[in-house]
Amino acid sequence: MLLRATELRPQDGNIADSLGWVMFRLGNLPEAITWLEKAAELESRSSVINDHLGDAYWAAGRQREAQFQWRRALALDPEPVEIAKIETKLRDGLPGYPASTAQR
């Protein structure tokens, strides 16, 4: 359904984010990053989308890019409950995904 929604509304960053987040949760990191980058391009002022992109970058071993996106998410006025979560990721990385020493 999300693929169809992206066809019907290709300029909707929130739909692209939803599809990218599903791909991330399914472990399809290349596809997730493609969709989340598109979402961030379409909705560059969304803290949620930038946070999601940061998570995908981290999981793919792209730690510097992840940290950039998480800092950006913090600068975009996230919901108060999300601030601590993003700060924890900046400090500790994404739980469940080891940090790549090549990117640190």
Side-chain angles (χ1 to χ4, degrees):
M1 287 186 351
L2 283 171
L3 284 172
R4 179 70 176 133
T6 61
E7 292 171 5
L8 294 173
R9 296 178 60 188
Q11 299 303 311
D12 189 324
N14 292 306
I15 293 172
D17 174 65
S18 294
L19 181 55
W21 193 242
V22 166
M23 293 296 147
F24 174 80
R25 302 288 291 175
L26 291 173
N28 186 343
L29 294 178
E31 192 76 12
I33 289 170
T34 297
W35 283 106
L36 293 169
E37 285 176 340
K38 178 177 176 82
E41 181 181 317
L42 294 169
E43 298 286 338
S44 62
R45 306 279 311 146
S46 169
S47 64
V48 171
I49 291 172
N50 284 277
D51 182 38
H52 286 169
L53 181 54
D55 290 0
Y57 281 156
W58 185 275
R62 296 165 63 175
Q63 278 69 38
R64 287 187 185 150
E65 292 164 286
Q67 291 170 339
F68 175 87
Q69 292 301 324
W70 290 331
R71 282 188 202 96
R72 180 159 171 70
L74 279 177
L76 294 172
D77 262 347
E79 294 293 322
V81 69
E82 296 302 315
I83 293 171
K85 293 176 187 177
I86 296 168
E87 288 173 342
T88 298
K89 288 189 273 191
L90 278 166
R91 186 184 65 241
D92 302 332
L94 188 63
Y97 295 92
S100 165
T101 55
Q103 289 276 328
R104 292 189 118 192

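Everything numeric here is computed off the predicted structure, so don't read it as measured data. FYI, the numbering just counts along the sequence from 1.
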| message | When you group the ILVMFWY residues by side-chain heavy-atom contacts below 4.5 Å and let the links chain together, are L94 and I83 in the same group? | response |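 Yes, because I83 and L94 connect within a single hydrophobic cluster, where side-chain heavy atoms sit under 4.5 Å apart.
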| query | Can you hop from L42 to I49 via hydrophobic side chains spaced under 4.5 Å? | reply |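 Result: no, two separate clusters.
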| request: List in chain and number order the residues that pass ring pair (Phe, Tyr, Trp, His ring centres under 6.0 Å) with W35, two or more places apart in sequence or in another chain; answer none if no residue qualifies. | output: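 Here no residue qualifies.
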For [X], what residues pass the side chain to side chain contact (heavy atoms under 4.5 Å, CB included) criterion, not counting sequence neighbours?
X   : value
L29 : F24, A59, A60
S47 : A73, L76, P78
D12 : R9, N14, I15
T34 : none

| message | Using every non-hydrogen atom in the two residues, find where N50 and S46 come nearest and quote the distance to one decimal. | response |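 Nearest pair, atom of N50 first, then S46: ND2-O, 2.7 Å.
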Which residue pairs satisfy the salt bridge (charged side-chain N to carboxylate O under 4.0 Å, His left out) criterion with at least one member in [range], sequence neighbours excluded?
range          : result
residues 48-61 : D51-K89, D55-K89
residues 68-84 : E82-K85
residues 31-48 : E37-R62

| message | Looking at G13, is its backbone amide N or carbonyl O close enough to the side chain of D17 to form a donor-acceptor pair, meaning the two atoms are under 3.5 Å apart? | response |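 Answer holds: no.
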| said: Running the 4.5 Å side-chain criterion over Ile, Leu, Val, Met, Phe, Trp and Tyr, what cluster does M1 land in, apart from itself? | reply: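 Members other than M1 - counting any ILVMFWY side chain reachable under 4.5 Å - there are none.
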| field | Residues clustered with L53, ILVMFWY side-chain links under 4.5 angstrom | value |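 I33, L36, Y57, all in the cluster of L53.
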| query | Can you pull the side-chain hydrogen bond (donor to acceptor under 3.5 Å, both in side chains) pairs that have at least one residue in residues 19-28, sequence neighbours excluded? | reply |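 Counting only pairs at least two positions apart or across chains, no side-chain hydrogen bond (donor to acceptor under 3.5 Å, both in side chains) contact touches residues 19-28.
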| task | With the side chain counted from C-beta on, respond yes when W58 and Q67 share a heavy-atom pair under 4.5 Å apart, and no when they do not. | result |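 Sidechains of Q67 and W58: in contact.
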